[in-house]
Chemist: 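I am attaching a structure below and will ask some questions about it afterwards.
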Amino acid sequence: MTNQHSRAYWEERLAGLLLARGHFIDGRGQPAVSGRTFTRTRPMDGQPGAVLARGDAADVDRAVAAARTAFASGVWRGKEPLEKKRIMLRWAELIRVHGEELALLETLDVGKPVQASLGVDVRLCAEGIQYYGEMIDKMYDEIAPTGPKARALVRKVPLGVVAAITPWNYPMIIDAWKLGPAIAAGNSVVLKPAEQSSLSALRLAELAIEAGLPAGVFNVVTGFGEEVGKPLALHMDVDMVAFTGSTEVGKLVMGYAAQSNLKRVALELGGKSPLVVFADADLDAAASAAAWGCFYNSGETCHAATRLLVQRPVQDALIEKIEAVVRREIVLAHPFEPSAQIGALIEAEHMDKVLGLVAAGEKDGGRRVFGAERVLSETGGYYVSPGVITDVTNDMRIARQEIFGPVLAAIAFDTEEEALAIANDTIYGLAGAVFTRDMDRAHRFSEGIHAGTVWINTYDMSNFATPFGGFKQSGFGRDRSVHAIDKYCDYKTIWQQFG
Ligand code: NAP
């Protein structure tokens with residue numbers, strides 16, 4: 001992480017921020033058609049935060065119309081590839097230049113340490129826009145094999161208007177995962193950020209205009225899922241919806257597409273990822289990966305390693321080492337403190353859900369070894385300490401439901417076959433990991449885990465070159481990598497006959 005400013009520095013910067021915001025439609029801020037607003041509560045101290053436009057179907061209509069007009073005019077997709085690339089690279093650079101401001105907005109909304117917002121979220125957001133910007137002048141169409149009297153061009157064309165609906169856990173990063181490939185492919189986008197995390201999206205849209213992206217290509221409508229997300233996913237003039245969020249809402253979104261115009265759907269959904277440790281593993285490496293893999297971002301990570309599957313003889317030693325990593329490295333503090341490694345949960349209701357699932361875990365027979373309780377309540381914020389529950393079996397609620405909090409459920413196993421069966425006994429298939437010194441087993445096991453990403457002797461390592469997404473009810477379609485562009489395009493054949 002790059003920044004070591006004091007808490008006072010961030011408090012001072014906060015005082016200068018503009019926190020009353022409208023939608024961003026057709027290149028400018030606009031109030032809701034209804035005039036309504038809503039107030040975000042700050043997770044770090046429970047105080048009122050930003051005041052935002054509360055959108056509804058009328059605002060969605062305006063944003064989709066602006067996006068359609070921009071698309072139809074060709075003002076973006078018709079530009080020279082080099083010019084489009086320059087604009088996206090400038091946008092990425094502006095994100096970096098305004099990194100501290102974006103980090104502060106993100107932290108204000110979601111409660112994660114501002115250093116993490118700056119060192120991870122802002123950095124990866126800029127990298128995402130840059131990655132897809134750089135692809136723009138390197139994408140070729142095809143000429144299909146035909147007889148000599150014909151020429152068949154297979155063109156990869158943008159879809160038109162893409163709706164992006166995103167969650168609150170890594171807002172800027174996930175926005176970039178959608179905006180980068182969708183815009184690079186030539187589409188226009190209407191983004192609906194989670195109601196909890198609109199500020200960074202609105203600022204990204206302003207920076208895009210400053211970089212030279214034409215008005216209407218990237219629009220943001222703020223508000224609630226039922227009031228903005230639903231009409232957007234139902235809209236007859238939206239060609240695709242790229243959704244990241246819960247499996248429950250993902251199913252609704254797919255239904256909306258079916259009920260309306262059969263728009264394409266890409267779904268990045270939930271997870272309950274297993275991290276499997278065999279007795280021959282490097283236990284220090286496994287403990288570090290298990291702790292950071294579950295507790296980073298306060299466990300509010302779709303691929304958080306929330307199920308620890310550990311071979312019985314090393315269970316106690318591993319849990320002790322995980323506790324040592326937490327005590328030594330994972331400082332929970334106010335998000336402006338330079339020492340903070342993790343901060344607050346997103347809101348009071350979510351904190352209650354996490355603590356409720358911990359209570360259910362104990363009621364079902366699990367044993368809380370440490371942590372997993374509310375702390376720093378005197379701040380008014382929503383902080384839960386990282387914790388481990390052992391004696392869990394895979395049928396317990398804490399092993400089956402996505403917790404989205406800093407709580408690790410440890411399940412003991414005896415044999416490799418048993419471990420694989422438990423690892424795959426979940427509705428999700430987002431990620432997993434195996435720790436062992438036996439490379440034959442590592443590869444056998446990683447092939448066996450039915451998930452979009454499997455790590456060997458590490459966790460949560462990735463870069464933009466690798467696709468990310470899930471199997472089973474973790475969704476379909478992939479973010480990141482060159483392949484992500486494909487879902488924002490379609491093939492069009494142009495057949496020419498000679499003579
Ligand atoms: P969520 O409740 O499903 O919300 C996601 C987005 O959908 C939000 O913008 C939300 O708006 C909107 N929404 C809610 N109801 C809707 C409806 N009826 N129609 C259309 N849109 C609607 O998820 P979340 O709580 O924000 O995020 C956490 C979830 O995201 C977890 O399940 C996590 O695993 C998943 N996630 C997955 C990935 C991945 O890449 N696989 C990455 C990150 C997160 P409101 O905020 O206004 O409700």
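For clarity, every value in this text was computed on a predicted model and none was experimentally measured. Both ligands and their constituent atoms are indexed starting at 1 by order of listing.
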Chemist: Do the side chain of Asn187 and the main chain of Gly160 share a donor and acceptor less than 3.5 angstrom apart?
Modeler: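 Yes; judged by distance alone, with no hydrogens or angles, the pair exists.
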Chemist: Does any part of the side chain of Glu268, heavy atoms only, come nearer than 4.5 Å to the side chain of Phe243, both counted from C-beta?
Modeler: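 No; the side chains remain at least 4.5 Å from each other.
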Chemist: Can you tell me which portion of Val228 lies within the under-4.0 Å heavy-atom range of ligand 1? Options are side chain, backbone, both, or neither.
Modeler: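 For Val228, there is no contact with ligand 1 at all, from either part.
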Chemist: Counting only heavy atoms closer than 4.0 Å, does ligand 1 sit against the backbone of Pro193, its side chain, both, or neither?
Modeler: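 Near ligand 1, Pro193 shows its backbone, while the atoms from C-beta on stay back.
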Chemist: With atoms numbered from 1 as shown, which atoms in ligand 1 lie under 4.0 angstrom from a non-hydrogen atom of Gly270?
Modeler: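 Checking each atom against Gly270, I get 32 (O), 34 (O).
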Chemist: So Phe464 and Tyr132, would you call those rings parallel, tilted or perpendicular, with 30° and 60° as cut-offs?
Modeler: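 Perpendicular.
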Chemist: Where does Thr244 meet ligand 1, judged by heavy-atom distances below 4.0 Å: at the side chain, the backbone, both, or neither?
Modeler: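 Within the 4.0 Å criterion, Thr244 contacts ligand 1 through backbone and side-chain atoms alike.
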Chemist: Compare all side-chain heavy atoms of Lys192 with those of Val221 and state whether any distance is below 4.5 angstrom.
Modeler: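 The answer is no; the side chains never approach within 4.5 Å.
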Chemist: Going by the side-chain contact (heavy atoms from CB on, under 4.5 Å) test, name the single residue among Leu17, Leu118, Leu199 that passes it with Leu104.
Modeler: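 Filter result, single survivor: Leu17.
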Chemist: Using heavy atoms and a threshold below 4.0 Å, how should the contact between Gln196 and ligand 1 be classified: side chain, backbone, both, or neither?
Modeler: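 For Gln196, only side-chain atoms sit under 4.0 Å from ligand 1.
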Chemist: Can you tell me the protein heavy atom closest to atom 23 (O) of ligand 1 and the distance?
Modeler: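 Ranking protein heavy atoms by distance from atom 23 (O) of ligand 1, first comes Ser246 N, 3.4 Å.
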Chemist: Give me the residue, atom name and distance of the protein heavy atom closest to atom 16 (C) of ligand 1.
Modeler: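 Checking every protein heavy atom, the shortest distance to atom 16 (C) of ligand 1 gives Val249 CG1, 3.4 Å.
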Chemist: Have a look at Gly245, Gly452, Ser474 and point out the one with the heavy atom closest to atom 29 (C) of ligand 1.
Modeler: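 Looking at heavy atoms only, the winner is Gly245.
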Chemist: Of Asp237, Asp61, Asp26, which is the lone residue that meets salt bridge (charged side-chain N to carboxylate O under 4.0 Å, His left out) with Arg68?
Modeler: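 When Asp237, Asp61, Asp26 are each tested with Arg68, the salt bridge (charged side-chain N to carboxylate O under 4.0 Å, His left out) holds only for Asp237.
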Chemist: Quick one: CG on Leu124 to OH on Tyr131, what's the gap to the nearest 0.5 Å?
Modeler: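 So the gap between those two atoms works out to 13.5 Å.
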Chemist: Considering heavy atoms of the protein only, find what lies nearest to atom 36 (N) of ligand 1 and give residue, atom and distance to 0.1 Å.
Modeler: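 Checking every protein heavy atom, the shortest distance to atom 36 (N) of ligand 1 gives Cys302 CB, 3.5 Å.
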Chemist: Given the protein's heavy atoms, is any one of them under 4.0 Å from atom 4 (O) of ligand 1?
Modeler: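 Not a single protein heavy atom is under 4.0 Å away.
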Chemist: Any idea which protein heavy atom is nearest atom 20 (C) of ligand 1, and the distance to it?
Modeler: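 Sorting protein heavy atoms by distance from atom 20 (C) of ligand 1 puts Gly229 C, 3.2 Å first.
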Chemist: Identify which one of Lys156, Arg264, Arg478 satisfies the salt bridge (charged side-chain N to carboxylate O under 4.0 Å, His left out) criterion when paired with Asp486.
Modeler: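 The passing option is Lys156.
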Chemist: What's the separation between atom NE2 in His235 and atom NZ in Lys263, rounded to the nearest 0.5 Å?
Modeler: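 If we round to the nearest 0.5 Å, His235:NE2 and Lys263:NZ are 8.5 Å apart.
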Chemist: Looking at non-hydrogen atoms alone, which of Ile346, Leu252, Leu269, Ile174 comes nearest to atom 37 (C) of ligand 1?
Modeler: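 Ranked by closest heavy atom to atom 37 (C) of ligand 1, first place is Leu269.
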Chemist: Would you mind finding which of Trp168, Phe243, Phe224, Phe404 brings a heavy atom closest to atom 33 (C) of ligand 1?
Modeler: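 The residue whose heavy atom sits nearest atom 33 (C) of ligand 1 is Phe404.
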Chemist: Compare Pro231, Gly469, Gly475, Gly225 and give the one whose heavy atom is closest to atom 17 (C) of ligand 1.
Modeler: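 Among Pro231, Gly469, Gly475, Gly225, the closest heavy atom to atom 17 (C) of ligand 1 belongs to Gly225.
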Chemist: Fit a plane to each ring of Trp168 and Phe404, take the angle between them on a 0 to 90° scale, and name the class: parallel (under 30°), tilted (30 to 60°) or perpendicular (over 60°).
Modeler: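 Trp168 and Phe404: perpendicular rings.
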Chemist: Of the choices Glu248, Lys192, Glu195, His303, which has the non-hydrogen atom that lies closest to atom 10 (C) of ligand 1?
Modeler: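 The nearest heavy atom belongs to Lys192.
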Chemist: Suppose we screen for side chain to side chain donor-acceptor pair (under 3.5 Å). Which residues come up paired with Asn169, at least two apart in sequence or across chains?
Modeler: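 Not a single residue meets the side chain to side chain donor-acceptor pair (under 3.5 Å) criterion with Asn169.
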Chemist: At a 4.0 Å threshold, what atoms of ligand 1 neighbour a non-hydrogen atom of Gly223?
Modeler: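 Atoms satisfying the 4.0 Å criterion: 47 (O).
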Chemist: Within the 3.5 Å criterion, strictly below it, is a donor on Ser273 or Arg307 matched to an acceptor on the partner's side chain?
Modeler: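 Their side chains do not contain a donor-acceptor pair, so the 3.5 Å distance test is not met.
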Chemist: Quick one: does Phe468 get within less than 4.0 Å of ligand 1, heavy atoms only?
Modeler: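 The answer is yes, since Phe468 has a heavy atom less than 4.0 Å from ligand 1.
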Chemist: Can a side-chain donor-acceptor contact be found between Gln341 and Glu329 if the only test is distance below 3.5 angstrom?
Modeler: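 Distance-only check fails for Glu329 and Gln341.
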Chemist: Just need the protein heavy atom nearest to atom 12 (C) of ligand 1, so name the residue and atom and give the distance.
Modeler: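 That would be Ile165 CG2, 3.7 Å.
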Chemist: Identify which one of Ser200, Ser117, Ser197 satisfies the side chain to side chain donor-acceptor pair (under 3.5 Å) criterion when paired with Glu106.
Modeler: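 Single pass found, and it is Ser200.
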Chemist: So which protein heavy atom does atom 18 (N) of ligand 1 come closest to, and at what separation?
Modeler: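 The protein heavy atom lying closest is Tyr256 OH, 3.0 Å.
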Chemist: Report, in ascending order of atom number, the atoms of ligand 1 lying under 4.0 Å from any heavy atom of Asn169.
Modeler: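 Answer, ordered by atom number: 43 (C), 44 (C).
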Chemist: For atom 6 (C) of ligand 1, which of the options Val241, Thr247, Thr166, Val253 provides the nearest non-hydrogen atom?
Modeler: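 Minimum heavy-atom distance to atom 6 (C) of ligand 1 goes to Thr166.
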Chemist: Could you tell me which atoms of ligand 1, counted from 1 in the order shown, lie closer than 4.0 angstrom to a heavy atom of Glu226?
Modeler: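 Contacts of ligand 1 toward Glu226, numbered from 1: 18 (N).
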Chemist: Look at atom 27 (O) of ligand 1 and say which protein heavy atom is nearest, naming residue and atom and giving the distance to 0.1 Å.
Modeler: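 Checking every protein heavy atom, the shortest distance to atom 27 (O) of ligand 1 gives Pro167 CB, 3.2 Å.
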Chemist: Could you tell me, atom by atom, which parts of ligand 1 come under 4.0 Å of a heavy atom of Leu430?
Modeler: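 Answer, ordered by atom number: 41 (N).
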Chemist: What's the shortest distance from atom 34 (O) of ligand 1 to any protein heavy atom, and which residue and atom give it?
Modeler: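 The protein heavy atom lying closest is Glu402 OE2, 2.5 Å.
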Chemist: For residues 241-251, which residue pairs pass the side-chain hydrogen bond (donor to acceptor under 3.5 Å, both in side chains) check, not counting sequence neighbours?
Modeler: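 side-chain hydrogen bond (donor to acceptor under 3.5 Å, both in side chains) check on residues 241-251 returns Lys178-Thr244, Lys251-Gln473.
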